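Working notes, structure below.
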Amino acid sequence: MTAKRVLVAYGSRHGATAGIASQIGTALREDGLDAVVLPADDVDDVRGFDAVVLGGSLYAGRWSGKALHCAERNEHYLKHRPVFLFSSGPVDSSADQHEIAPVPAVSRQMERLGAREHVTFGGSITMYTPGPIAKVLVRFGKGGDFRNTERIRNWAHHISGELTAAA
Ligand SMILES: Cc1cc2nc3c(=O)[nH]c(=O)nc-3n(C[C@H](O)[C@H](O)[C@H](O)COP(=O)(O)O)c2cc1C
């Protein structure tokens with residue numbers, strides 16, 4: 001039997017969400033799935049995939065426009081596949097402490113696409129993050145890398161389980 005093909009697409013400004021997507025892709029491949037990780041902007045056709053994981057970073061309470069447009073552009077075909085959404089955001093440990101609800105645009109996409117799940121992971125702002133706001137936040141001790149590899153990988157393995165169970 002050929003391995004299920006899973007697309008992991010991400011909307012990222014400064015690389016933190018891309019890193020989460022990459023960890024998800026690695027964990028899915030460890031489980032025997034054929035996972036491809038792509039920037040959301042590069043996704044024109046999802047028909048070659050059995051399932052899609054789509055994530056975006058949060059800025060000022062809004063989900064990445066790249067992720068959102070990817071969802072809108074591919075809505076017709078995403079509706080007919082298992083879809084899992086994630087957000088990368090809080091630069092503190094809150095995402096590890098309790099479930100963080102999707103922002104309104106993500107909730108709407110969940111409904112439109114019939115997405116199975118959404119999860120919010122901690123994000124990252126470090127001295128290497130470009131942009132004046134990031135620089136100020138780091139200078140005042142408000143930065144840090146709060147991407148929790150164990151949580152990210154556990155979620156990816158959970159997705160593998162769902163997809164394999166459906167086989
Ligand atoms: C100007 C600015 C605004 C942000 N707004 C939010 C926000 O509203 N909610 C949130 O959870 N995180 C917010 N963050 C944190 C980012 O979502 C986090 O750093 C994310 O991991 C960045 O991902 P990216 O590098 O892939 O763009 C903000 C960060 C910056 C620099």
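No experiment lies behind these values; they were computed from the predicted model shown. Order of appearance sets the numbers: ligands from 1, and atoms from 1 within every ligand. All residue numbers in this chain count up from 1 along the given sequence. Any value given below was found using the heavy atoms of this structure, including those in side chains, with hydrogens, waters and symmetry copies removed.
- With salt bridges taken as basic N to acidic carboxylate O contacts below 4.0 Å, none links E72 and R112.
- For ligand 1, the protein residues within 4.0 angstrom (heavy atoms only) are S12, R13, H14, G15, A16, T17, S57, L58, Y59, A60, G61, S88, G89, P90, V91, G123, S124, I125, I133.
- With sequence neighbours left out, R5 forms a side-chain hydrogen bond (donor to acceptor under 3.5 Å, both in side chains) with D34.
- Residues forming a ring-ring contact (aromatic ring centres under 6.0 Å, His included) with H69 (at least two apart in sequence, or on another chain): none.
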Please list every donor-acceptor pair under 3.5 Å in which a side-chain atom of residues 80-89 meets a protein atom from a residue at least two apart or in another chain.
{"from": "R81", "atom 1": "NE", "to": "V46", "atom 2": "O", "distance (Å)": "3.3"}
{"from": "R81", "atom 1": "NE", "to": "F49", "atom 2": "O", "distance (Å)": "2.7"}
{"from": "R81", "atom 1": "NH1", "to": "Y77", "atom 2": "O", "distance (Å)": "2.9"}
{"from": "R81", "atom 1": "NH2", "to": "R47", "atom 2": "O", "distance (Å)": "3.1"}
{"from": "S87", "atom 1": "OG", "to": "W63", "atom 2": "NE1", "distance (Å)": "3.3"}
{"from": "S87", "atom 1": "OG", "to": "H118", "atom 2": "NE2", "distance (Å)": "2.8"}
{"from": "S88", "atom 1": "OG", "to": "T17", "atom 2": "OG1", "distance (Å)": "2.9"}

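- In this structure, R147 forms no cation-pi arrangement with F121, as its terminal cationic atom is not both closer than 6.0 Å to the ring centre and no more than 45° off the ring axis.
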Practice task
Show your working on side-chain contact (heavy atoms from CB on, under 4.5 Å) between L137 and V91 and close with a plain yes or no.
Solution key: CA-CA 10 Å; L137 290 172; V91 189; over 6 Å; no
